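None of the values given here were measured: they were computed from a predicted structure. Note: hydrogens, waters and symmetry copies are ignored here, and every other heavy atom, side chains too, is used.
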Amino acid sequence: MDIFESVVIAIVEGLTEFLPVSSTGHMIIAQNVLGVESTDFVKAFTFIIQFGAILSVVCLYWKRFFRLKEVPEGKKGLEAFLIKYDFYWKLFLGFLPAAALGLLFNDLLDMMLEHVEVVAVTLVLGGVLMLFVDKWFSKNESNPSQMTDKRSIIIGLYQCISMIPGVSRSMATIVGGMQQGLSRKTAAEFSFFLAVPTMLAASVYKMFGLVSDPVTAQQLNDNWVVLVVGMVVAFVVALAAIKFFINYVTKYGFKVFGWYRIIVGGAIIVMLLCDVSLKMV
């Protein structure tokens with residue numbers, strides 16, 4: 001992978017990380033179009049630069065991300081701790097299911113990253129879901145801005161579905177939030193926040209895997225500039241994408257993303273059935 005390929009894939013990541021269209025799926029498509037070989041480093045690259053995009057959430061929402069709740073007088077011990085760090089506690093609850101499944105099925109997930117047909121099918125299926133999600137859940141809002149421990153765990157379970165390439169982490173968690181009665185905006189914002197510990201853990205895990213093996217450690221040493229450039233580009237592009245998505249989905253909902261997924265996924269399926277190569281080189 002060279003600098004140009006890194007920049008292109010990072011732009012794709014930054015644009016799609018917070019849209020319900022699957023950033024991982026789009027990076028796999030971009031990788032195939034560019035003719036980038038699916039090495040251990042490239043697989044790790046697609047996870048690690050996602051954390052670069054996720055850092056844009058911390059940048060844009062830093063006041064909410066680092067604000068602690070005031071503890072009412074008389075509250076002590078564990079109860080006081082959970083009140084003060086309520087925001088982080090709910091993120092932890094939402095993070096746990098994906099962390100457990102990621103450790104158990106890491107090899108299987110890596111294998112699926114090599115199959116663009118998996119991405120194509122899940123893009124289409126997820127697109128069909130997106131066409132109806134607003135109608136299904138628009139009247140389901142109850143205490144739309146209130147996050148609870150139960151809601152956090154259930155949204156975390158929905159996030160596990162996004163481990164399949166092409167499903168979209170943001171789509172799964174936003175749909176999970178809306179199913180739990182949250183407004184589109186609240187569900188989208190919690191999805192963004194939940195991405196921070198999830199992608200931090202995934203990035204650290206992938207980085208550890210690279211440095212612990214002599215062969216991949218050498219690949220990392222040879223390509224560290226490519227990795228840094230990818231993270232920076234993904235971060236910058238994602239800053240703009242977040243603002244666009246929140247404003248758009250609050251006003252118009254998810255239907256346009258559903259049609260986009262169906263068109264892209266359908267086009268890839270047709271190309272694969274006709275033995276048309278996705279590679280430009």
Side-chain angles (χ1 to χ4, degrees), residues 1 6 9-10 12-14 16-18 22-24 27-28 31 38-62 65-66 85 87-114 152 155-157 159-165 167-170 172-173 190-239 242:
M1 177 183 289
S6 169
I9 294 175
V12 171
E13 157 59 20
T16 59
E17 176 62 43
F18 300 102
S22 176
S23 61
T24 301
M27 283 192 288
I28 293 171
Q31 177 187 328
S38 185
T39 64
D40 288 337
F41 171 78
V42 171
K43 291 177 186 177
F45 174 88
T46 59
F47 277 93
I48 295 170
I49 67 167
Q50 287 182 70
F51 183 65
I54 295 305
L55 285 177
S56 61
V57 175
V58 181
C59 180
L60 287 174
Y61 291 94
W62 68 272
F65 209 85
F66 295 107
Y85 296 97
F87 176 75
Y88 304 107
W89 171 245
K90 287 180 170 55
L91 289 186
F92 176 72
L93 292 176
F95 160 75
L96 276 179
L101 259 67
L103 289 173
L104 288 173
F105 299 106
N106 179 64
D107 292 340
L108 175 61
L109 297 172
D110 273 353
M111 183 185 69
M112 286 193 292
L113 290 175
E114 300 178 11
S152 300
I155 293 171
L157 292 172
Q159 180 170 240
C160 294
I161 304 171
S162 68
M163 292 181 175
I164 303 171
V167 169
S168 170
R169 194 203 61 79
S170 62
T173 50
F190 186 75
S191 171
F192 297 168
F193 298 147
L194 184 56
V196 177
T198 302
M199 295 316 303
L200 173 60
S203 299
V204 170
Y205 183 79
K206 292 294 180 182
M207 185 67 77
F208 178 78
L210 286 177
V211 299
S212 61
D213 181 82
V215 176
T216 53
Q218 185 59 47
Q219 290 179 346
L220 178 61
N221 185 60
D222 295 339
N223 294 278
W224 69 269
V225 174
V226 168
L227 184 59
V228 171
V229 168
M231 290 187 66
V232 172
V233 171
F235 170 80
V236 173
V237 175
L239 285 173
I242 290 177

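- Scanning both residues, Val196 and Phe51, for their nearest heavy atoms gives O-CE1, 4.1 Å.
- Separation of atoms CD (Gln50) and CG (Leu200) is listed at 13.0 Å; rounding is to 0.5 Å.
- For the atom pair CG of Leu227 and CZ of Phe41, the computed distance is 5.0 Å after rounding to the nearest 0.5 Å.
- Annotation: the span from Leu194 atom CG to Lys90 atom NZ amounts to 13.0 Å, rounded to 0.5 Å.
- Residue Ile28 comes nearest to Pro165 through the heavy atom pair CD1-CB, 3.9 Å, listed as atom of the first residue, atom of the second, then distance.
- Scanning both residues, Phe66 and Tyr88, for their nearest heavy atoms gives CA-OH, 3.3 Å.
- The structure places CG of Leu91 at 11.0 Å from CG of Leu96, a figure rounded to the nearest 0.5 Å.
- Residues Gln31 and Thr46 share a closest heavy-atom pair of OE1-CG2, 4.4 Å.
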Practice problem: Begin with the C-alpha distance, continue with both residues' side-chain angles, and end with the deciding distance and a verdict on side chain to side chain contact (heavy atoms under 4.5 Å, CB included) for Ser162 and Ser168. | Solution: CA-CA 5 Å; Ser162 68; Ser168 170; 6.0 Å; no

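- Using a 4.5 Å cut-off on side-chain heavy atoms (C-beta onward), Pro97 and Cys160 make contact.
- Looking at heavy atoms from C-beta onward, Phe45 lies out of side-chain contact with Asn223 at the 4.5 angstrom threshold.
- One finds the CD atom of Glu17 at 8.5 Å from the OG atom of Ser56 (value rounded to the nearest 0.5 Å).
- The OG atom of Ser22 sits 11.0 Å away from the CZ atom of Arg169 when rounded to the nearest 0.5 Å.
- Within the 4.5 Å cutoff, the side chain of Phe235 has heavy atoms near those of the Cys59 side chain.
- Residues Val237 and Gly14 approach most closely at CG1-C, 3.7 Å, considering heavy atoms.
- Side-chain contact between Met199 and Ile48 is absent, with no heavy-atom pair separated by less than 4.5 Å.
- The two residues Ile155 and Thr173 come nearest to each other via the heavy atoms CG2-O, 3.8 Å.
- A ring-ring contact (aromatic ring centres under 6.0 Å, His included) with Phe87 is found for exactly one of Tyr61, Phe92, Phe193, Phe190, namely Phe193.
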